[in-house]
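Have a look at the structure below before the remarks.
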Amino acid sequence: MQDTYRIGNAQTIGYRQFQSSYFSTWTDGHCTAAAVLAHGTIDHINGRRCAVLAAETCMREFHRLPENEELPVFFERTAAEIQRLMREYLYLGKQPYLSLGIQVIRERELFYYHVGSGRMFLYNGTEIQFLTKRSGKEAFAKGMTAGLMTKGIWEALHEKDMEFYLNLHAHPYEKAQRMLSGVIEKNRKEAGNAAVVLIEGWL
């Protein structure tokens with residue numbers, strides 16, 4: 001039997017004026033899944049545009065991925081293309097700010113890439129492993145959860161909080177929603193933009 005995936009997400013603008021986070025997910029329903037989470041300059045309309053451009057570019061390039069191109073090469077090439085597009089269309093030559101996380105799960109392996117203030121993790125049902133390298137690869141087995149989150153999530157929730165939500169007997173969407181509720185409850189006045197995307201492997 002082939003692998004399948006369940007995907008969940010949650011996000012809020014908090015007290016901010018603009019939504020500066022944007023995400024996109026995809027799965028073929030069997031052995032491959034992909035997710036991207038981008039976060040642009042906070043409380044600026046170009047922050048939103050920047051995040052949308054980044055997420056859409058990642059997914060477009062992923063679906064055009066040449067068969068002979070390794071994923072680490074794809075990550076670096078796509079990140080460079082996003083920087084070029086932002087300078088050309090959004091920032092008129094100025095250096096933009098962007099937090100970008102990409103995860104691709106293929107044949108029981110998790111490939112990842114991230115830059116900026118966002119964080120990503122891998123949860124095996126017992127403990128959370130934060131993926132701190134710019135780019136890397138980890139085994140992804142049945143029951144594991146891969147996650148991407150913006151600063152608004154990881155600033156408010158401790159590791160034990162996250163493990164509590166990830167251990168709930170619920171769909172990843174419900175887990176993400178509960179995680180976001182925890183952020184709002186813990187950080188009522190200071191909670192700004194917060195977004196989380198979860199990919200859960202099952203058979």
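To the nearest 0.5 Å, atom OH of residue Tyr165 and atom NZ of residue Lys175 are 13.5 Å apart. The CZ atom of Arg49 sits 14.0 Å away from atom CE of Met86, with the distance rounded to the nearest 0.5 Å. Atom-to-atom distance recorded for Ile199:CD1 and Ile105:CD1 is 4.5 Å, nearest 0.5 angstrom. Note that CG of Leu122 is 9.5 Å distant from OH of Tyr112, once rounded to the nearest 0.5 Å. Separating the CZ atom in Arg178 from the CD atom in Glu185 is a distance of 10.0 Å, to the nearest 0.5 Å. We find the CE-CE distance between Met149 and Met179 to be 8.0 Å, quoted to the nearest 0.5 Å.
Here the side chain of Trp26 pairs no donor or acceptor atom with the backbone of Thr32 at under 3.5 angstrom. Side chain of Ser99 to backbone of Gly118: a donor-acceptor contact under 3.5 angstrom is found. The main-chain N or O of Gly147 is found under 3.5 Å from a side-chain atom of Gln103 such that the two form a donor-acceptor pair. Between the side chain of Thr150 and the main chain of Ala195, a donor-acceptor pair closer than 3.5 Å is present. Without hydrogens or angle criteria, Gln83 side chain to Thr78 main chain gives no donor-acceptor distance under 3.5 Å.
A single hydrophobic cluster is seen to contain both Phe164 and Ile153, as judged by linkage of ILVMFWY side chains at heavy-atom distances under 4.5 Å, directly or through other members. Residues Ile184 and Tyr173 do not share a hydrophobic cluster, clusters being chains of Ile/Leu/Val/Met/Phe/Trp/Tyr side chains in contact below 4.5 Å. When the side chains of ILVMFWY residues are joined at heavy-atom separations under 4.5 Å, either directly or via intervening members, Val115 and Phe62 end up in a single hydrophobic cluster. Residues Trp154 and Ile128 fall within the same hydrophobic cluster, defined by Ile, Leu, Val, Met, Phe, Trp and Tyr side chains chained together at heavy-atom separations under 4.5 Å. Note: the hydrophobic cluster containing Ile82 does not contain Val73 (ILVMFWY, side chain heavy atoms under 4.5 Å, direct or indirect links).
Remark: Lys160 engages Glu163 in a salt bridge, criterion side-chain N to carboxylate O under 4.0 Å. The existence of a salt bridge linking Glu76 and Arg134 is confirmed by a sub-4.0 Å separation between a basic side-chain nitrogen and an acidic carboxylate oxygen.
A search for side-chain hydrogen bond (donor to acceptor under 3.5 Å, both in side chains) contacts involving Ser181 returns nothing, not counting sequence neighbours. Taking the side-chain hydrogen bond (donor to acceptor under 3.5 Å, both in side chains) definition, one finds that Glu155 meets it with nothing, sequence neighbours left out.
Smallest separation of non-hydrogen atoms from Glu109 and Phe111: OE1-CZ, 3.6 Å. Residues Thr126 and Asn124 approach most closely at N-OD1, 2.8 Å, considering heavy atoms. Residue Ala156 comes nearest to Lys186 through the heavy atom pair O-CD, 3.4 Å, listed as atom of the first residue, atom of the second, then distance. Heavy-atom minimum distance, Asn9 versus Ala176: C-CB, 3.5 Å. Heavy atoms only, all atoms of each residue included: Gly152 and Val183 are closest at O-CG1, 3.5 Å. Minimum heavy-atom separation, Tyr97 to Ser117: OH-OG, 2.6 Å.
Counting only heavy atoms from C-beta outward, the side chains of Leu110 and Leu131 approach each other to under 4.5 Å. Put simply, the side chain of Tyr5 does not reach to within 4.5 Å of the side chain of Pro172, judged on heavy atoms.
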Atom pairs and distances, donor-acceptor, side-chain atoms in residues 52-61, under 3.5 Å, two or more places apart:
from	atom 1	to	atom 2	distance (Å)
Thr57	OG1	Leu53	O	2.7
Glu61	OE1	Arg77	NH1	3.1

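Heavy atoms from other residues, nucleotides or ligands lying under 6.0 Å from CZ of Arg6 number more than 12.
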| field | Chi angles and distances behind the side chain to side chain contact (heavy atoms under 4.5 Å, CB included) call for Leu71, Lys137 | value | CA-CA 10 Å; Leu71 284 168; Lys137 178 177 70 172; over 6 Å; no
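Using a 3.5 Å distance cut-off with no hydrogens or angles, the side chains of His39 and Ser21 do pair a donor with an acceptor.
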